[in-house]
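Letters A, B, ... are given to chains in the order of the sequence lines, protein chains preceding strands, and every chain is numbered from 1. Note that the coordinates shown come from a computational prediction; the quantities given were computed from them, not determined experimentally.
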Amino acid sequence: MNARVKRLRDEIFTWKDTVCPHRPRIVTEAYRKYESDPVVVKRAKALRDVLEQMPIYIREGNLIVGAPTSTPGAWIVYPEFSLGTEKIVQVRHNIHVGNDFIRDHLPEDLKDYWATRNCYARYAAYRRECFGDRNPPSDSWYMISTALGHLTVDFRETLERGLTGVSERARRRLEEVRQDDPEGAAFLRAVIIAAEGGIAFANRYAQLAEETAARVSDPRRKQELQRMAEGLRRIYVHGARSYHDALQSVWLSNQIMHIEGNAWSMSPGRVDQICCPYFQRDVARGELTREQALELAECFLIKFKENSIFGMRGAPTQCITLGGRAADGRDQTNELTYLFLEAAREVKLAEPLIHVRWHKGIPKKLMHACFDCLEAGLGMPMFLNDEATPEGFMNLGIEREAAFDYTHVGCGELGITGKLQDSALGGSTGHIAVLVQVLRRKRSNGKSLDQAFPTFEDLLAAVRKQMRANAEHSASVNRAVGHIHRQFGQIPFTSAFMHGCIERARDLTVRCQYNFPSMNLGGGGFPNFVNSLAAIRQAVYRDHALTLGRVVEAIEADFQGFEDVRAVLAREPKFGNDDDRVDDLLPVVEQMHAEAIAGLKGPRNDGRYIATGTVATGHIDQGRQLIATPDGRHAGRPMAAGMNAAPDTDRNGLTALLNSVQKLNSTGHWFGGYILNFNILPDVLASEKSREKLMMALESYFMRKGLNLQMNCVSADMLRDAQHHPEDYRSLMVRISGYNDYFTMLDPGIQEEIIGRTAHGVK
Amino acid sequence: MGLIANIQRFSLHDGPGIRTTVFLKGCLLNCLWCQNPETLSGRPELMFTRRLCALCRLCERVCERQAHEFEDGVHRVRYELCAQCGKCVAACPAEALGIVGAEMSVGDVVDVVRKDRDFYERSGGGVTVSGGEALMQPDFALALLAACAREAIHTALDTSGYAPPEVFASFLDVVNLFLFDIKAIDEERHKRLAGADNAWILQNLKSIIGRGAPVIVRVPLVPGFNDDAEELRRMAEVVAALSPKPTVQLLPHHDYGRHKYEALGMSYRMPEETRRPAPESVEAAKAIFAQHGLTVIEEV
Ligand code: SF4
Ligand code: SF4
């Protein structure tokens, strides 16, 4: 990192939370002004107006420009979705910026205008009408408060032909449908308007760069700014001509998507693949040195943190995905794969998340580059598995080429470049909470719990039934959310980057090429569920050491006075230890989930629900709210995150953990992915020998079709010290289930959990 | 049946590749610096981790031997009364109690070892039988190693070499790699540090090397105990005189296991200040062995 990049990076941490007032103001004016337009056109015009009117900035010394706010690091407000997004962000990220941070910054008349008009309000009304007193799942409130996201778009058309290319294609399609598809025509008009806005936005940055160039005295910077201006005038009109253009184009398009809607996990995807031809051309022409390329990559990565749309401490979980193999088996690792890893290691920021696609032929050199990042404390990359993931996608009927163009979108979900929309829209089948609910349910027929469930299978049947009911309810909620998004939350600019939207003349909220609604299995606690079932099966139904009634009394009392019960339950085998006395339940539970979501009608009234094992920090919150559980977990304690063994219960080392996880049916059930983290101490990476051993551990796991793996290189002592001296550990990064954050910023509950998790490989 | 202290999977430092290390209980030596004191005794033992104890007194309730005493809020364990029945361990809600030492058959152990076969095959790993001193349970150790060898799992024996030569020799056929510890050359010093002389050890080392067994000689470097230049030089001379010359691995001392002494009701015998050797003294030791034409490694 040179001095300029370091300054650009370090400054970020000095900024205070602010709210950018411009987008809400301009959007509200636009909605009033264009009231009679179809909603999708109105939304495109509102976007165009923001792009034309919002004040813009170029940070001193920056080489990549484009921000969704008028000042760096500000919160961006999306009143047409929700006025309270920040509350959701606060809950998800455990950050606190005041009770009503955004609301306090908004004028009254604006709030009045949106009070009944935005997606949130419409969902609230719908909910009263359709679900009565029944509360829809809490995360559906968050889904309705944000635009449709969780995807990787395809930047290639814009890189090659600019937004004019996109616009021309939309125009041609418009000519074809104008006569007989008014909905399609409106969408295509919206695409054209949004593209115009994009071009205007780039030109405004070009102009600002020229003006700044005229003002600065440093001749080097002057020249840089002039070059940037030329690039900015070029990228959207003619297409990208250089590596710098390519990065600039990807970034600016990504930002326009974030100005259009407040979606999470809008991930640029395989940047090493899409930018490499430009990089190679520049290098061949002698126009780019490796140092320059690295500096540009670093400026690019820093923008993700600079322009998190949720303030300085929020992270909309954006990812880049590096390396991989093509459908024909060719290794796709290129110079940029290494360059981006090096850049990530140097700038050491929580966003974007870095993923590397593992495959049998992954170069050893690349593995070392990844380990270097881990050793540096980056907490990344996360490894994805080309030997399993594409196979899962193909099992869903996705064509081979597309399946091998998969990416990670953040939040634990997978995407396919420009082709897949599989966002979860709230709700879940539930698991551990369902078990607790079934166990505590009042029985009207006067039977005792043990009479009601004379066999373990009877208990499973009751859980299965409740899961199906939850899934059905969630699907109906999803249809409501999808319906409102379709009517009021269209994203024509983003849609233009997805295959199938312009072709079908439909917004992404309607459909793109591949659409699989995903249903969460219930956030954190999957291992707690499996462990609880195993403990009950053993202690109650096999050993007859406890009655079910006593187990329930014990969990309701948080084991106070039932220490003996807890001792029995806690000692039963736990997932993550390669112990078939619990792992044999994995297929049973997968089957339960599969049955719960089978044949449900999704938000677009089609598609097939797929299962995701996603969690962000949900496992902490869910744990806080749930009473004690039959695996011996105390009330309020965190749930297990993703497929990680329940806190502190994997005692047999990495190979045992991987063997347990590998028993899941990764390519037949977990299409949406799952999360697996483990901690390693730095010394595992310090020597060539142990690095090679670790590489082989990964190979074994991945060749047996594990989906992903995330390593954290920490030491318990270091973490303890970091708790006491946060100032010394400002950039210490930790990965919690699918996204990263600074350790010192985490909730103490999370810190404790991280410290408690087994550090493998060290005696 | 064997008495097993612990089976450690994903071991990275007990031989080549990814390994499963089986720690057998019991050792005839008694090295002052031992960091695995729970493997010294050849019987099961109760371990009590005070830090975890919630003072709930459930252990007191279930113990038929009155081995748990509570006085003024202090939990005192009378180890000498304990019969290792395990009742208090099962009752303890805090996992503060444990029994180290489980009776297992060869088949039981092999079942665990076999689980990581795929990891061994890819990494060139296998099983390491360690201790204590595995040769304290010679029949079991031999049967276990033979069973693993039959399944084509690479076998290593981590040994102090302190066993009757005829017993030791019987292991040659079932061990692919010996990790052979040498703690001191001077006989008096060896007695003082390890509790016994080193005649068997040196004899065994010489004999297996003479018979072509692959051996890595492992030297614990304990600051102030065996790391003076004179001692190391003599050690290097003895090792270098072997034919063929084995590879030497230095094991810098650490004190990660000291908490186990308290848990076992034993007292820690090392001086407080003995921690890890300084990197310079490790380098100096390395140089001494290298001067004698020996290959010195830090890791396998
Ligand atoms: S193991 Fe048995 S005898 Fe020993 S202290 Fe515990 S309960 Fe008492
Ligand atoms: S049962 Fe466990 S926690 Fe309770 S007093 Fe005994 S050792 Fe301590």
Checklist entry - Tell me, side chain or backbone of A:L569 under 4.5 Å from chain B's heavy atoms, or both, or neither? => result neither
Quick check: are there more than 12 heavy atoms from other residues, nucleotides or ligands sitting under 6.0 Å from [atom1] of [X]?
X      : atom1 : answer
B:E64  : CD    : no
B:R57  : CZ    : yes
B:R50  : CZ    : yes
B:E151 : CD    : yes

Item to check | Cation-pi check, A:R704 onto B:F119 ring (under 6.0 Å, within 45° of axis) | outcome: yes
Item to check | Pair listing, ring pair (Phe, Tyr, Trp, His ring centres under 6.0 Å) test, anchored in residues 547-567 of chain A, at least two apart | outcome: A:F559-A:H634
Next on the checklist: Run the side chain to side chain donor-acceptor pair (under 3.5 Å) test against A:D331 and tell me which residues pass, sequence neighbours left out.
Outcome noted: A:T333, A:H359
Item to check | Pairing residues for A:E692 by the side chain to side chain donor-acceptor pair (under 3.5 Å) criterion, not counting sequence neighbours | outcome: A:K364
Checklist entry - Picking from B:T20, B:I18, B:D118, what satisfies side-chain contact (heavy atoms from CB on, under 4.5 Å) with A:T655? => result B:I18
Next on the checklist: If we define contacts as heavy-atom pairs under 4.5 Å, which of A:E688, A:R566, A:K693 has the most with chain B?
Outcome noted: A:K693
Next on the checklist: Shorter than 4.5 Å, heavy atoms on both sides: which option in A:D564, A:D578, A:L694, A:V565 has the most such pairs with chain B?
Outcome noted: A:D578
Next on the checklist: Would the distance check show the side chain of A:R571 and the main-chain N or O of B:V89 forming a donor-acceptor pair, the cut-off being under 3.5 Å?
Outcome noted: yes
Checklist entry - Under 3.5 Å, is there a donor-acceptor pair between the side chain of A:K689 and the main chain of B:E299? => result no
Measuring from [X]:[atom1] to [Y]:[atom2], what's the distance to the nearest 0.5 Å?
X      : Y      : atom1 : atom2 : value
A:N577 : B:K115 : CG    : NZ    : 9.5 Å
A:S690 : B:H13  : OG    : NE2   : 5.0 Å
A:M695 : B:S123 : CE    : OG    : 12.5 Å

Checklist entry - Closest heavy-atom contact between A:A567 and B:A90? => result CB-O, 3.1 Å
Checklist entry - Just checking heavy atoms, which of residues 658-667 of chain A are less than 4.5 Å from chain B? => result A:L658, A:N659
